[in-house]
Undergrad: 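This is the structure I have questions about; it appears just below.
Since we're looking at a predicted model, the values are computed, not measured.
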Amino acid sequence: MSEPLIIRVRVAATVEATWRAITDAQALETWFAEKAAVDLPNTYEFWGRYTPDGDAPHQRVLEVGEHSLKLGWTLDGVETTTEISVAAEGDATIVTVDQSHFVMQEAFDDSSIRGVLQTFWCLSLANLVDYLEGRPLTDMPLRDVRASIVVSGATAELFT
């Protein structure tokens with residue numbers, strides 16, 4: 001069953017600086033992907049050896065807001081959507097990535113490149129935070145990354 005993968009990070013930077021890091025091709029090539037092309041509202045592409053299906057750009061812009069971006073991203077032949085948004089929270093900024101077509105089982109059985117999305121986005125957002133806060137970029141193994149999974153259902157159904 002496909003569920004959205006939602007990841008949020010808090011960064012000690014302004015909304016404007018954070019949005020600039022997300023929408024400037026040169027900045028993206030520093031913290032995000034080997035290659036990037038950005039000309040909003042028409043173009044937002046990224047690719048490279050560490051990008052899922054990164055042999056070429058597979059993204060197209062669906063919507064652009066003041067501090068939000070929605071992309072169509074073809075992964076493994078499937079059209080997914082990626083939403084990136086930036087919002088102020090006190091003296092910091094919250095960056096949220098909402099990635100469609102994430103199937104947790106694919107993370108364990110290599111059945112699709114989409115199985116690496118949780119690792120890709122965690123590492124990418126850790127790099128964004130380090131980039132904006134002036135630290136060296138994150139490398140494997142990941143540090144200070146936390147995840148939670150919300151499971152809905154009756155206890156008897158979950159634990160049998």
Side-chain angles (χ1 to χ4, degrees), residues 1-11 15 18-25 27-89 92-132 137-138 140 142 144-153 157-158:
M1 178 182 193
S2 176
E3 295 289 335
L5 173 68
I6 301 170
I7 301 173
R8 290 183 182 90
V9 295
R10 181 181 181 90
V11 60
V15 167
T18 304
W19 188 244
R20 206 169 24 259
I22 291 170
T23 58
D24 177 79
L28 285 171
E29 289 179 357
T30 301
W31 68 267
F32 186 55
E34 287 180 296
K35 301 290 182 188
V38 178
D39 185 17
L40 292 176
N42 302 312
T43 305
Y44 191 93
E45 300 173 331
F46 51 91
W47 65 100
R49 65 182 164 188
Y50 301 115
T51 301
D53 268 355
D55 59 321
H58 298 285
Q59 304 83 25
R60 63 186 179 86
V61 176
L62 299 175
E63 296 175 20
V64 178
E66 183 179 1
H67 295 116
S68 64
L69 177 63
K70 184 175 183 178
L71 305 171
W73 184 8
T74 303
L75 289 166
D76 220 16
V78 175
E79 178 77 3
T80 72
T81 56
T82 304
E83 295 182 54
I84 303 168
S85 62
V86 175
E89 184 178 275
T93 297
I94 302 296
V95 179
T96 303
V97 171
D98 187 328
Q99 175 70 58
S100 74
H101 291 79
F102 177 71
V103 178
M104 181 60 82
Q105 183 59 37
E106 292 174 345
F108 301 107
D109 65 16
D110 297 330
S111 62
S112 168
I113 193 65
R114 292 183 310 276
V116 303
L117 287 172
Q118 81 288 351
T119 303
F120 172 76
W121 283 118
C122 285
L123 179 58
S124 296
L125 292 176
N127 275 342
L128 173 62
V129 171
D130 286 344
Y131 173 81
L132 286 166
L137 298 185
T138 303
M140 291 300 215
L142 296 177
D144 297 331
V145 175
R146 296 172 199 86
S148 63
I149 298 172
V150 178
V151 179
S152 298
E157 294 172 353
L158 298 173

Undergrad: So Val61 and Leu40, side chain to side chain contact (heavy atoms under 4.5 Å, CB included) or not? Walk me through it.
TA: CA-CA 8 Å; Val61 176; Leu40 292 176; 4.1 Å; yes
Undergrad: Does a side-chain heavy-atom distance below 4.5 Å link Ile22 with Tyr44?
TA: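 They are in side-chain contact.
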Undergrad: At their closest point, which heavy atom of Asp98 faces which heavy atom of Pro4, and how far apart are they?
TA: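 That would be OD1-CB, 3.5 Å.
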Undergrad: Kindly compute the distance separating CG (Leu137) from CG (Asp130), expressed to the nearest 0.5 Å.
TA: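 Between Leu137 CG and Asp130 CG, I get 6.5 Å after rounding to 0.5 Å.
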Undergrad: Determine the minimum heavy-atom distance between His58 and Asp53, stating which atoms define it.
TA: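 It is CD2-O, 2.8 Å.
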Undergrad: Between Glu79 and Gly72, what is the shortest heavy-atom contact and its length?
TA: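 The answer is OE2-CA, 3.2 Å.
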Undergrad: Distance check, rounded to the nearest 0.5 Å: Ile7 atom CD1 versus Gln118 atom CD?
TA: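 Output value for this atom pair is 8.0 Å.
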Undergrad: Ignoring hydrogens, what is the shortest heavy-atom contact between Trp19 and Ser68? Give both atom names and the distance.
TA: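 Heavy-atom minimum between the residues: CH2-N, 3.3 Å.
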Undergrad: Side-chain contact, heavy-atom cut-off 4.5 Å: Thr81 with Lys70?
TA: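 Answer yes - side chains close enough.
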Undergrad: Nearest 0.5 Å please: distance from the CG atom of Asp55 over to the CZ atom of Arg49.
TA: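 If I round to the nearest 0.5 Å, the distance is 14.5 Å.
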Undergrad: Quick check: does any side chain N or O of Trp31 sit under 3.5 Å from a backbone N or O of Ala21, one acting as donor and the other as acceptor?
TA: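 Indeed, once roles are kept as given, a pair shorter than 3.5 Å links the two residues.
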Undergrad: Ring centres of Phe32 and Tyr50 under 6.0 Å apart?
TA: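 No.
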Undergrad: Is there side-chain contact between Phe120 and Leu5, with heavy atoms separated by less than 4.5 Å?
TA: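 No; the side chains remain at least 4.5 Å from each other.
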Undergrad: Just checking, any donor-acceptor pair under 3.5 angstrom between side chains of Thr80 and Gln99?
TA: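 On atom types as modelled, these side chains qualify, holding a pair under 3.5 Å.
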Undergrad: Judged by atom type as modelled, is there a donor-acceptor pair below 3.5 Å linking the side chain of His67 to the main-chain atoms of Val15?
TA: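 Looks like no, no N/O pair under 3.5 Å.
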Undergrad: Can you give me the closest heavy-atom contact between Gln59 and Glu45, atom names plus distance?
TA: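 The pair with the smallest heavy-atom distance is OE1-CA, 3.3 Å.
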Undergrad: Would you mind reporting whether Leu128 and Val11 have side-chain heavy atoms less than 4.5 Å apart?
TA: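 Val11 vs Leu128: side chains apart.
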Undergrad: Would you indicate whether the side-chain heavy atoms of Leu132 and Thr93 approach each other to under 4.5 Å?
TA: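 With C-beta onward as the side chain, the pair stays apart.
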Undergrad: Can you check whether Thr23 reaches Val64 side chain to side chain, under 4.5 Å on heavy atoms?
TA: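 With C-beta onward as the side chain, the pair stays apart.
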Undergrad: Please identify each residue that fulfils side chain to side chain contact (heavy atoms under 4.5 Å, CB included) with Thr30, with sequence neighbours left out.
TA: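 Tyr131.
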Undergrad: List the atom of Ala33, the atom of Trp47, and the distance in Å for their closest heavy-atom pair.
TA: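 That closest heavy-atom pairing would be CB-O, 3.8 Å.
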Undergrad: To the closest 0.5 Å, what do you measure between CD (Glu29) and CD (Glu34)?
TA: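 Glu29 atom CD to Glu34 atom CD measures 9.5 Å (nearest 0.5 Å).
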